Amino acid sequence: MNPAWARCEETEKSEEMDKNKPSKSEIGRRGFMCLLGKMSATAAVCSSVAAVALESVPTAAKPKVAEPQYPATGPVPGYDWTKHRWAFGVDTTRCIGCLRCVEACKVENNVPFNPNDYRTWVERYVYLEGEDKPHIDSQSDPKNIAAAGTLTNYRFSDRYRDAKVEKSFFVAKLCNHCENPPCVQVCPVGATYKTPDGVVLIDKNYCIGCRYCVQACPYGARYFNDETNTADKCTWCYHRITKGLKPACVEVCPVQARIFGDLNDPSSTINEFIRSHRVRVLKPWTGNGPHVFYNEIDSEVS
Amino acid sequence: MDTWFHTAPYVVSAYSGYVYPNETVLPWGVLIVIYPYITGLVAGAFIVSSLYHTFRIESFKPVARLALLSAFAFLCFAPTPLLSHLGHRERAFEAIWTAHWTSAFAAFGYVASFYALLLVLDIWFAFRADIVAMAQTTKGAAGRLYRILTLGSYDVSERALGYDRKWAGVLAALGIPAAIGLHGYVGFVFGSVKSREWWSSDLMPVIFLLSAVVSGVAALVVIYVVSSKLRRTAIDENCMTGLARVMWVSLIGTMAVEVLEYMEMVYRRVEGFDMIKQLVAGPMWVSLATQALCSLVPFVILTVLLVRRVRGRALVGWMSFSAVLMMVAVLAMRWNVVIGGQELSKTLTGILIYAPSLWGREGVIWAATLFVGSFVWLWALVRLLPPWAPIPTSKKGIINARADFGETGIDPARRHEWELREGG
Ligand code: SF4
Ligand code: SF4
């Protein structure tokens with residue numbers, strides 16, 4: 001795991017590189033912006049070709065730096081998506097498993113109230129005395145659903161009340177908004193894409209509903225929404241963060257176990273969290289480069 | 001709340017038995033089992049036709065044109081399961097118009113269209129003389145259709161027919177890499193998904209390709225035998241033996257690579273191996289056993305048929321039996337890959353059990369309908385362009401391609417006679 005400062009630098013670097021990419025690769029199908037991007041890219045190519053022709057010196061053939069890949073305004077008026085690099089932290093030492101975040105997310109984002117679809121969920125890891133592997137469950141475990149008695153509120157059953165528990169903790173899960181998202185890679189139409197501020201989004205008006213991305217995400221972060229017939233997942237509440245608000249789950253967490261902020265801002269809560277804790281990401285060997293940082297988790301958490 | 005009842009129940013293992021909540025609905029069901037299956041049938045059928053059209057292996061002549069039509073019929077139906085699986089079918093063509101090239105799925109439209117184009121051209125050249133003959137003799141709407149199909153080319157001089165054969169051969173030759181591309185690609189769709197332990201394998205494209213040939217040749221045997229029975233015509237034994245050889249070779253290839261794959265998994269004790277053991281012993285054992293048995297039995301039968309040079313009714317009977325078993329084996333293999341891969345949770349600590357629904361868009365009935373649909377479509381194609389040619393009396397086996405340029409002036413209606421002469 002790289003130290004936090006190195007990671008931030010890397011992030012910046014890769015963002016720099018992103019800017020130099022031709023406009024088609026990442027937000028290629030973003031309608032009007034796509035057109036803008038193409039036009040600017042074409043203009044850049046034309047002008048560099050023209051420059052080369054005029055100078056007619058072979059050494060001058062180095063192409064000019066292309067126009068920035070993303071229009072600064074982005075999809076939300078007044079929000080400059082090239083200025084941010086969002087990231088998320090989960091402080092597992094704080095989480096009490098109250099599951100308010102899961103409820104808030106379902107309401108905020110119109111996630112169907114069934115036990116198969118979640119943008120975020122919470123896992124419970126329980127080590128019993130004399131055992132070396134944890135018992136894991138989430139709020140969608142049948143026993144927990146039975147304990148809650150409803151599908152609109154969640155709770156963890158107290159099934160370990162009489163057991164000899166050695167260690168236990170809760171781990172909140174959500175989309176990791178990966179640096180190299182395989183879900184984006186496999187989408188046949190480019191309906192899912194990465195924004196310059198590091199958020200992976202799905203264009204519901206473009207998704208053909210093939211579910212390849214659901215397969216490709218190693219974290220189970222995606223589900224197929226039967227109401228919209230498209231893939232769906234956490235957006236870090238993009239509609240909120242672009243207005244300066246926090247994601248709903250972060251907002252409702254009573255113990256600040258969920259941390260959200262801008263990596264570009266050295267004083268942000270997320271930078272503070274990464275600086276002051278030893279953190280790791282999930283399944284780092286996939287090379288996906290997740291942007292959800294966890295502290296104090298066992299290797300059983302994946 | 002409805003979906004709760006359709007979820008895949010998961011096995012609670014000794015410890016965690018944990019699966020991600022979103023995994024409790026399998027993204028891909030029986031439709032995606034049938035999709036690579038039908039796609040696979042194209043390859044086998046096509047390769048048989050190439051063996052005649054390109055490599056001029058005379059014994060495949062009785063089925064060469066039938067194989068072309070079969071390949072085309074299957075290819076027409078190959079995208080249908082995928083299409084009906086999509087959440088937004090009306091946007092399907094976006095995958096072609098605005099393909100996102102890093103996706104393995106995006107290539108399907110292009111690969112399949114290219115292949116379809118090749119097949120259509122190949123069919124046209126292989127059937128042109130017949131189309132001309134029928135355009136001249138058939139009346140009414142059907143006659144008009146044939147006249148359109150001639151594309152205005154009525155030249156059936158020997159020289160023109162020579163060109164036809166040459167082009168059919170060239171196109172069939174081009175079709176071989178296309179077939180390999182198509183099936184290697186289908187394997188890549190699965191093999192490249194690194195999030196799934198069961199799929200992510202370099203051997204996947206090879207396995208898909210070889211098993212595609214197995215199933216396609218098997219399907220062709222069944223089609224040939226059934227159509228001959230329906231038409232009350234004799235079945236060419238040389239052709240059957242030739243098909244048996246192709247089946248045998250591709251079956252050995254498939255089995256070898258499959259065994260290699262499993263052995264490697266066991267020997268390397270890949271990640272989540274304990275869960276894989278439970279998966280194999282649990283929800284997957286029926287389909288795995290089906291795959292193994294339905295591969296081994298035909299292998300034994302085919303070996304005996306080939307070694308003992310069995311002929312006559314015994315040959316036809318046993319071949320048909322093996323062919324049906326092999327079609328089942330490959331279907332089971334597709335199931336094991338597509339469903340098995342999803343039954344193993346991404347957490348590698350739990351297993352899901354998939355039980356397909358009978359009705360509905362993702363149901364077994366609809367998937368079976370699409371599969372049967374490809375045969376109905378084949379029947380219609382066969383009615384339009386009867387592929388039957390008289391059985392050549394040739395004993396030579398392989399004819400000289402240059403012999404195609406011989407005499408001049410052939411009556412299209414007597415083309416078969418001419419072919420006979422050419423064969424002898
Ligand atoms: S966590 Fe999954 S859905 Fe989210 S960006 Fe990474 S691969 Fe995609
Ligand atoms: S389900 Fe939608 S977002 Fe996911 S890969 Fe298919 S088209 Fe892309």
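Side-chain atoms are counted along with the backbone in the values below, which use heavy atoms only and exclude waters and symmetry mates. This structure is a prediction, so every number in the text was calculated from the model and none was measured. Reminder, nothing fancy here: chain letters follow the sequence lines and each chain counts from 1.
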Approximate separation, where rounding is to 0.5 Å, of B:Leu348 CG and A:Lys283 NZ: 6.5 Å

Heavy atoms of other groups near A:Lys143 NZ, more than 12 under 6.0 Å: no

Heavy-atom closest contact (B:His100 atom, A:Val184 atom, distance): CE1-O, 3.0 Å

Note, B:Trp97 side chain near A:Val189 side chain (heavy atom, < 4.5 Å): no

Toward chain A, the part of B:Ser345 with a non-hydrogen atom under 4.5 Å: neither

Residue B:Glu90 versus chain A: region with a heavy atom under 4.5 Å: neither

Contact leader toward chain B among A:Cys187, A:Ala216, A:Pro112, where contacts are heavy-atom pairs under 4.5 Å: A:Cys187

Euclidean distance, B:Arg89 CZ relative to A:Cys210 SG, rounded to 0.5 Å: 13.0 Å

Whether over 12 other heavy atoms sit under 6.0 Å from A:Asp298 CG: yes

Student check: side-chain heavy atoms of A:Thr228 and B:His88 closer than 4.5 Å: no

Distance in Å, B:Lys194 NZ paired with A:Asn288 CG, rounded so as to fall on 0.5 Å steps: 4.5 Å

Under 4.5 Å from any heavy atom of chain B - which part of A:Tyr118: both

More than 12 heavy atoms of other groups within 6.0 Å of B:Phe93 CZ: no

Heavy-atom check, side chain of A:Thr230 versus side chain of B:Arg91, under 4.5 Å: yes

Inter-residue atom distance A:Asn229.CG - B:Leu86.CG, 0.5 Å rounding: 10.0 Å

Interface moiety of B:Lys346 toward chain A, non-hydrogen atoms closer than 4.5 Å: both

Pairwise distance OG1(B:Thr347) to CD(A:Glu300) - rounded to 0.5 angstrom: 12.0 Å

Side-chain H-bond candidate by donor/acceptor type, B:Asn22 with A:Lys173, under 3.5 Å: no

Residues, nucleotides or ligands: over 12 heavy atoms within 6.0 Å of A:Tyr127 OH: yes

Segment of A:Ala231 engaging chain B (4.5 angstrom heavy-atom cut-off): neither

B:Trp359 atom CH2, neighbour heavy-atom count above 12 within 6.0 Å: no

Within 6.0 angstrom of A:Arg159 CZ, more than 12 heavy atoms from elsewhere: yes

Any side-chain donor near an acceptor of the partner, B:Tyr20 and A:Ser138, under 3.5 Å: no

Any donor-acceptor N/O pair, B:Ser195 side chain to A:Tyr219 backbone, under 3.5 Å: no

Matching residue for A:Tyr212 among B:Trp199, B:Trp28, B:Phe108, B:Phe190 - test: ring pair (Phe, Tyr, Trp, His ring centres under 6.0 Å): B:Trp28

Value rounded to 0.5 Å, distance of CZ in B:Phe105 from CZ in A:Arg211: 10.5 Å

